[in-house]
Amino acid sequence: MLKKVWEVSGSLKRIKYITVSSVIWTILLVLFLFDLVQDIRTFSDVFQFIIMLIILGAIWYLDVRFNPFVFQNLRKVNVKESVNSSINYAKQGYRQENTLEEGIEHGAINGLEKGTKSFILKPVLSWILWPFSVIVALCTTNKWIDIDYQENENKKNNTADTAKNFVVNNSQELTDAISKITPNSVITLKAGHYVFTSKYSAVKTVKIIGESRDNTFLQLGTALQTQINSVLTIENLSISREEDYGDHPIIGLVGNNSKLIINNCKIENSNNEEPMVIGQSKNSYLEVNNVTTTRLPKKTAYDIAVIYDTVVKIENSSIQCVEALDKARLNADNSQFTMVVTQNKSMITLTNCTIINGFLGGNDSTININNSVCDFVYTGNYSMELFDNAKLNISSSIINSKNGEQLRCQLNDQSKLELSLINYTVKKPLFVECNDLKTQLINPQNVPIQTKASTSSSVASSQNN
């Protein structure tokens, strides 16, 4: 470890070792040595001076060598950050007090605080601590490597990390290619049938592209999933799960700050418990375009499920069931869904879409439907079911009962339904179960409503503005 530290500490260009603190301490050291020379009177003084010179020279050399790598945060003076912070405090003060004087005072106080810290305290502290540079460096060997050295290391490894492109014709070639991928690699699958069951499944930034989704079949006995800060793109494939595959998703967005893109694919799964595509990482992005999902046997289960604050974009696709949990955000356009589910402060927004079976929302979540067709097929369940303060907003859309049966809606707790429709084509009124129709239903177009207390001949019409 010490050998590695020593190599790294000497890897910079010479100009980068000339820090302000090193220059100041060098001048002070020269003045101190000059003062010692003035006091030399005897041979013993000369001997002591030489010993002192060797010790101080060694300490000086080590501190100069290691100083560029330590106390970097103390040396960084961010003028822009200080100014922006002062402006934001000024705006905050103005909003709170609604006076220009208070805003200026808030900005001035914060500006003085930030300025003192950035331009006085940090540089002075960096200068004072300079003699301890080598000690700090040796005690934090895993953290202090300078970015310039890291870039040099990356350049040395460029040969090994150069993007590699593979064209595969069979399952073994695919397995070999995935085990050898480097960042930005592309794996192209020629038309045919492939089985991938390798234990290695966490891919780097890579593209897996089939010749055509109608003649390139990928059967997975393990999951394809993202790593942290990676991008996985899957295109032009028909994807299914192997029979012996366990109760796991097929494709996973599992690395934080990662991105998963699925284009022009068919995804088929016989698993009725786990979703086919899952997003369970923070600050991540899922993009689905021209994708069709099917589930065998055909049962209601999640095809795409996302949690945390994952952002999802779906276009031109046909998905049986989507679910968003834990502050996830899902936006879809020009797509078809069988079932839409959202919970735990998540939001789903569908525009120009078709929804067949209905909606389920809970725990302060929101579903927004715009310019879409709710072509519900009554199966004996609620077409719209909300609980725990969930909201469902259907605007500029059409609600239809495909089999002509009466549609049912349940609004539990304080959940709310807003109907701003273009047309309600169902001959029978919408049956609504709720605690308070006036506060839970917004119905400006006077869609025919039947409540639980209503008789078959008594239909309630509700309009809340």
Side-chain angles (χ1 to χ4, degrees), residues 288-289 300 303-304 312-324 328-343 346-362 364-379 381-387 389-412 415-434 437-451 459-465:
V288 177
N289 184 45
T300 300
D303 293 330
I304 297 177
V312 185
K313 180 182 179 182
I314 301 176
E315 292 184 338
N316 307 312
S317 298
S318 178
I319 311 296
Q320 286 196 29
C321 183
V322 293
E323 180 185 39
R329 295 291 182 269
L330 188 152
N331 295 279
D333 185 47
N334 195 33
S335 298
Q336 177 175 299
F337 300 92
T338 301
M339 189 70 184
V340 177
V341 180
T342 180
Q343 298 187 56
S346 294
M347 179 181 291
I348 292 180
T349 300
L350 309 183
T351 304
N352 301 317
C353 292
T354 300
I355 304 92
I356 298 175
N357 272 4
F359 308 102
L360 174 63
D364 298 300
S365 62
T366 303
I367 301 175
N368 298 312
I369 309 300
N370 307 309
N371 300 311
S372 298
V373 177
C374 301
D375 201 13
F376 295 143
V377 177
Y378 178 71
T379 60
N381 299 318
Y382 295 103
S383 299
M384 295 167 277
E385 184 176 3
L386 307 176
F387 58 92
N389 304 314
K391 296 179 181 178
L392 171 59
N393 306 311
I394 305 178
S395 63
S396 303
S397 299
I398 297 172
I399 293 182
N400 179 46
S401 177
K402 205 164 186 178
N403 54 7
E405 296 292 334
Q406 184 179 34
L407 301 179
R408 300 169 64 86
C409 171
Q410 187 177 55
L411 306 177
N412 297 300
S415 299
K416 293 183 179 180
L417 169 65
E418 180 175 352
L419 299 174
S420 299
L421 304 180
I422 295 176
N423 195 5
Y424 181 81
T425 64
V426 187
K427 295 181 179 180
K428 298 180 180 180
L430 176 64
F431 186 88
V432 178
E433 293 183 21
C434 62
L437 191 66
K438 292 183 178 180
T439 60
Q440 293 182 261
L441 177 65
I442 300 175
N443 183 21
Q445 270 72 43
N446 286 328
V447 172
I449 301 296
Q450 179 181 347
T451 64
V459 176
S461 179
S462 170
Q463 180 175 4
N464 299 320
N465 298 312

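Computed over heavy atoms, backbone and side chain alike; hydrogens, waters and symmetry mates excluded.
Scanning for side-chain contact (heavy atoms from CB on, under 4.5 Å) contacts around Ser420 gives Ser395, Glu418, Pro444, Gln445, with sequence neighbours left out. Partners of Thr425 according to the side-chain hydrogen bond (donor to acceptor under 3.5 Å, both in side chains) rule, which considers only residues two or more places apart in sequence or in another chain, are Asn400. With sequence neighbours excluded, no residue satisfies side-chain hydrogen bond (donor to acceptor under 3.5 Å, both in side chains) with Asn389. For Asn412, the side-chain hydrogen bond (donor to acceptor under 3.5 Å, both in side chains) partners two or more places apart in sequence, or in a different chain, are Gln410. Applying the ring pair (Phe, Tyr, Trp, His ring centres under 6.0 Å) rule to Phe337 yields no partners; only residues at least two apart in sequence or on another chain are considered.
Here the side chains of Ile398 and Leu421 are not in contact, with every heavy-atom distance at 4.5 Å or above. Here the side chains of Ile449 and Leu441 are in contact, with some heavy-atom distance below 4.5 Å. In this structure, the side chains of Glu323 and Ile304 stay at 4.5 Å or more apart for every pair of heavy atoms. Side chains of Ser383 and Phe376 form a contact here, defined as non-hydrogen atoms less than 4.5 Å apart. Between Ile399 and Cys374 there is a side-chain heavy-atom pair separated by less than 4.5 Å. Counting heavy atoms from C-beta on, the side chains of Asp303 and Val322 never come closer than 4.5 Å. Taking 4.5 Å as the limit, every side-chain heavy atom of Lys313 sits out of range of all side-chain heavy atoms of Asn289. Val340 is not listed as a side-chain neighbour of Leu360, based on a closest heavy-atom distance of 4.5 Å or more.
How far CD of Glu385 is from CG of Leu417: 13.0 Å, rounded to the nearest 0.5 Å. Distance CZ/Arg329 to OG/Ser346: 6.5 Å, rounded to 0.5 Å.
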Quick one: do Asn331 and Ile314 satisfy side-chain contact (heavy atoms from CB on, under 4.5 Å)? Show the steps, please. CA-CA 6 Å; Asn331 295 279; Ile314 301 176; over 6 Å; no

Would you please test Lys427 and Gln406 for side-chain contact (heavy atoms from CB on, under 4.5 Å) and show each step? CA-CA 8 Å; Lys427 295 181 179 180; Gln406 184 179 34; over 6 Å; no

For a side-chain contact (heavy atoms from CB on, under 4.5 Å) check, start with the C-alpha distance between Asn393 and Ile367, then their side-chain angles and the critical distance, and finish with the verdict. CA-CA 6 Å; Asn393 306 311; Ile367 301 175; over 6 Å; no

Kindly determine whether Gln343 and Val341 satisfy side-chain contact (heavy atoms from CB on, under 4.5 Å), including the steps that lead there. CA-CA 7 Å; Gln343 298 187 56; Val341 180; 4.1 Å; yes

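Minimum interatomic distance between Ile369 and Ser372 (heavy atoms only, all atoms of both residues): CG2-CB, 3.6 Å. Residues Gly358 and Met339 share a closest heavy-atom pair of O-SD, 3.3 Å. Of all non-hydrogen atoms in Ser335 and Asn316, the two that sit nearest each other are OG-N, 3.2 Å. The two residues Lys416 and Thr439 make their nearest non-hydrogen contact at CE-O, 3.6 Å. When all heavy atoms are compared, the tightest approach of Leu430 to Tyr424 is N-OH, 3.3 Å. Counting all heavy atoms, side chain and backbone alike, Ser365 lies closest to Gly362 at OG-O, 2.8 Å.
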N/O donor-acceptor pairs under 3.5 Å from side chains in residues 347-356, not counting sequence neighbours:
residue : atom : partner : partner atom : Å
Asn352  : ND2  : Asp333  : OD1          : 3.1

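Judged purely by atom type and a 3.5 angstrom limit, Ser415 uses its side chain to pair as donor or acceptor with the backbone of Ala390. The closest donor-acceptor contact from the side chain of Ser397 to the backbone of Asn371 lies under 3.5 Å.
Using a 4.0 Å cut-off between a side-chain N of Lys or Arg and a carboxylate O of Asp or Glu, Glu433 and Arg408 qualify as a salt bridge.
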